[in-house]
**Student:** 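Dropping the structure in here first, questions after.
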Number of protein chains: 2
Amino acid sequence: MVTLKQLAKELGVSISTVSKALNDSFEISEETKEKILALAKKYNYRPNNVAVNLRTRSTQTLGVIIPNIFNHFYTKILSGIEQEAKKNNYKIIISISNETLDSEREGISFFSNGSVDGILLAPSEETEKVNDYEHITDLHAKEIPFVLFDRYSDKVASDRVIINDFDSAKKTITYLTNLGKKNIVAVSLIKNLSVGRLRRKGVQEASSNVTILEFEDEKEFEEVFFQFLKTEKVDAIFALDELAGIIALNLARTLSLNIPKDVSIISFSQGILSEYSYPKLSTINQHAEEIGKKSVELILSRLKNKNKPTETKIINTALDLHQTT
Amino acid sequence: MVTLKQLAKELGVSISTVSKALNDSFEISEETKEKILALAKKYNYRPNNVAVNLRTRSTQTLGVIIPNIFNHFYTKILSGIEQEAKKNNYKIIISISNETLDSEREGISFFSNGSVDGILLAPSEETEKVNDYEHITDLHAKEIPFVLFDRYSDKVASDRVIINDFDSAKKTITYLTNLGKKNIVAVSLIKNLSVGRLRRKGVQEASSNVTILEFEDEKEFEEVFFQFLKTEKVDAIFALDELAGIIALNLARTLSLNIPKDVSIISFSQGILSEYSYPKLSTINQHAEEIGKKSVELILSRLKNKNKPTETKIINTALDLHQTT
DNA sequence: CTGAAAGCGCTAACAA
DNA sequence: TTGTTAGCGCTTTCAG
């Protein structure tokens, strides 16, 4: 890679003259600028990013830690983050925690050496389960700005971008009730996540008549819920996460239940499975890309003003009705 | 962030002594090392990555350009890349081209300023369509090592990690033929991609009796293929991409065809849609994570030896039979 | 065993 | 308008 030094030498001018010319400084004469620009172009000069970073003490890079890259919801958030970052001339470095605390700690440590200007983070399932947020609050001491998205804890004081899970769940139950549904069952595969708890609370708040079934894993869910559907009267299923929704749908079809006549299904969505399910699931759309965009906006404004009070952005959901309702 | 300078000052030693001690150099006495390490720990010292990068002229970072983050296949590759990179103490920076040439160019330019040691790249659909690879071959002039994965062109001399698409398609048709299938139709939504062409060629090579239907988009596919299934005799569908497989499956079910009795379906897979389809699709598994891992291996070995001849790694597929065959 | 000094490539204050 | 110089934080050669 060609450097300022080499350009300067070849033109017989000083390094700072070249630097200023390339940054279009008013101090440099048009004539000099031109010849410098020409040579820079000829050699396809690009300022060494690492050197610029060191000198300016900013990396124009954001670190992103996501729990699970196979979850379409996070992929969409990531896409939103990437777009908004690119728009603002920021790069993103990604670390995947795979829902484990260790990996998340590693990711944070990875980012805590000046590689990034700020961090966007959705805590892992394990982090939420063991309720240990020290590695995150430590970021305050390290003076690394960060934003929590999707998942958060009251233990961590920070900017946040979240979904109104509680309200969405509540409203959905009310919606089903108004439809005349009497035997609603809510199913969940995310009982350990903060969002899972919020959604469950929303359900409970809306009605005490709803049966709530929460499962550790898909297998348990399939076995137990299959029996449940076979023996109990159910006219509506509300899935608190997309996987639960899809599996419930498939189980109902296996039992030859008529959807939506016998039983309606509405599911929180991540986007892809429900879109190509058959029949197409009615979903609560979470505007994931919006979450990503807002997270970037929030961290950038935090970067500009480190001392402003923390902010919580709430992204609203939308009920997208399709063939299962 | 605390620096070497500050540690040195507080202990009344030189910067280089601190540096050496922290790097566990044999030149430094145990005693000195201990007190330096203790202080570093107390202040939670972390070497400034940017400075280290500048000094060592290596960033320990790989740039990854993927065409589409919503495609589970690429997500899996990304996961493989991330794991293997982490294992080797490399970071990854991600740029998403969204299947457009412009975005891809931008990504490459983004990475061409010393931010990364090497680039992993799957060319965009548009790049393949207009057949313009100059921005990629330019990397040779810039002396930035790169590896193409999944998609490639003969126009670009480089290390590659690819799938044996041709053979897989060929073998699958043979497999269906041996099953006694007489009216096989191959469907594709990826006719413009190099892998799409390779798979089609594999089909053609295996048998001239297979009807091949290629479509521009999902809508056209749904309309045309629905009519086709209604009017033509079909006892096996071979989908050259997962989306085509899922849609074909749903269309067949809409027509109440018995699967797999009336019609067998096998599809190239990306992993997630087929896994949760009902009934579960038989797929050609592409070992995406393996592609990611091998790509990292390849670029790292290239980084070690810039002058070795280019290498092409072929990842084999596996036929995973489920309920649709 | 420890320290001084150079330098990675760049920006920017200051001097000329 | 241009150049000199210092310095970002670190590694490493060389001298002591």
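Below, chains carry the letters A, B, ... as their sequence lines are ordered, and counting in each starts from 1. No experiment lies behind these values; they were computed from the predicted model shown.
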**Student:** Using the closest heavy atom to pick a nucleotide of DNA chain C for each, name whichever of Thr17(B) or Asn48(A) lands nearer the 5' end.
**Tutor:** Thr17(B)
**Student:** Give the rounded distance in Å between these two atoms: CG of Asn53(B) and C1' of dC10(C).
**Tutor:** 15 Å
**Student:** Rounding to a whole Å, what distance do you find between Gln60(B):CD and dC10(D):P?
**Tutor:** 16 Å
**Student:** Could you give the CE-to-P distance, from Met1(B) to dG9(D), as a whole number of Å?
**Tutor:** 8 Å
**Student:** Has Tyr45(A) got a side-chain N or O lying under 4.0 Å from the OP1 or OP2 atom of dC10(C)?
**Tutor:** yes
**Student:** Report yes if some heavy atom in the side chain of Thr100(A) is under 4.5 Å from a heavy atom in the side chain of Ser124(A); otherwise report no.
**Tutor:** no
**Student:** Is Arg57(A) close enough to dT11(C) that one of its side-chain N or O atoms is under 4.0 Å from OP1 or OP2 there?
**Tutor:** no
**Student:** Of the listed nucleotides (dT2(C), dC10(C), dG3(D)), which one gets closest to any side-chain atom of Ile28(B)?
**Tutor:** dT2(C)
**Student:** Name the closest nucleotide to the Arg55(A) side chain, picking from dA6(D), dC8(C), dC10(D).
**Tutor:** dA6(D)
**Student:** Using side-chain heavy atoms (C-beta onward) and a distance below 4.5 Å, is Ile36(B) in contact with Leu22(B)?
**Tutor:** yes
**Student:** Got Lys86(B) and Ser103(A) here, is their nearest side-chain heavy-atom distance under 4.5 Å?
**Tutor:** yes
**Student:** I'd like to check Ile77(B) versus Glu289(B) (side-chain heavy atoms, cut-off strictly below 4.5 Å). Are they in contact?
**Tutor:** no
**Student:** If each of Glu27(B) and Thr56(B) is mapped to the nucleotide of DNA chain D with the nearest heavy atom, which maps nearer the 5' terminus, i.e. the 5' end?
**Tutor:** Thr56(B)
**Student:** Just compare dG3(C), dG3(D), dT11(D) and give me whichever is closest to any side-chain atom of Ile15(B).
**Tutor:** dT11(D)
**Student:** Glu34(A) has an atom CD; how far is it from atom P of dT1(D), in whole Å?
**Tutor:** 13 Å
**Student:** Which heavy-atom pair separates Ile163(B) from Ile314(B) by the least distance, and what is that distance?
**Tutor:** C-CG2, 4.4 Å
**Student:** Please report the distance, rounded to the nearest Å, between OH in Tyr43(B) and P in dG9(D).
**Tutor:** 16 Å
**Student:** Strictly below 4.0 Å, N to O, side chains only: are Glu31(B) and Lys35(B) in salt-bridge contact?
**Tutor:** no
**Student:** Of the nucleotides dC10(C), dG3(C), dT2(D), which has the atom closest to the Pro47(A) side chain?
**Tutor:** dC10(C)
**Student:** Can you check whether Leu120(A) reaches Ile81(A) side chain to side chain, under 4.5 Å on heavy atoms?
**Tutor:** yes
**Student:** Where the side chain of Ser16(A) is defined as all heavy atoms beyond and including C-beta, which of dT4(D), dT11(D), dG9(D) is the nearest nucleotide?
**Tutor:** dT4(D)
**Student:** Report the residue (Ser19(A) or Ser29(B)) whose heavy-atom-nearest nucleotide on DNA chain C is the more 5′ of the two.
**Tutor:** Ser29(B)
**Student:** Using a 4.0 Å heavy-atom cut-off, does Asn23(B) contact any base of the nucleic acid, only the sugar-phosphate backbone, or nothing at all?
**Tutor:** sugar-phosphate
**Student:** Regarding Val50(A), tell me which of base, sugar-phosphate or nothing describes its non-hydrogen contacts under 4.0 Å with the strands shown.
**Tutor:** nothing
**Student:** Looking just at side-chain N and O atoms, do Ser14(A) and Thr17(A) make a donor-acceptor pair shorter than 3.5 Å?
**Tutor:** yes
**Student:** Which sits closer to the 5' end of DNA chain D, Lys20(B) or Val52(B), going by the nucleotide each is nearest to?
**Tutor:** Val52(B)
**Student:** Based on the rotation axes of five pairs at each end, what angle does the helix from dC1(C)-dG16(D) to dA16(C)-dT1(D) bend through, to 10°?
**Tutor:** 50°
**Student:** Quick check with a 6.0 Å cut-off and a 45 degree axis cone: is Lys76(A) positioned over the face of Phe70(B)'s six-membered ring?
**Tutor:** no
**Student:** Taking CG from Asp24(B) and P from dT12(D), how many angstroms apart are they, rounded to a whole number?
**Tutor:** 14 Å
**Student:** To the nearest Å, give me how far apart CG (Leu22(B)) and C1' (dG9(D)) are.
**Tutor:** 13 Å
**Student:** Can you figure out which of dT4(D), dC8(C), dT2(C) approaches the side chain of Ser14(A) most closely?
**Tutor:** dT4(D)
**Student:** CG of Asn49(A) versus P of dG9(C): gap in Å, rounded?
**Tutor:** 14 Å
**Student:** Side-chain donor or acceptor of Lys5(A) under 3.5 Å from a matching atom on the base of dG7(C)?
**Tutor:** no
**Student:** Of the listed nucleotides (dT1(D), dC14(D), dC8(D)), which one gets closest to any side-chain atom of Thr32(A)?
**Tutor:** dT1(D)
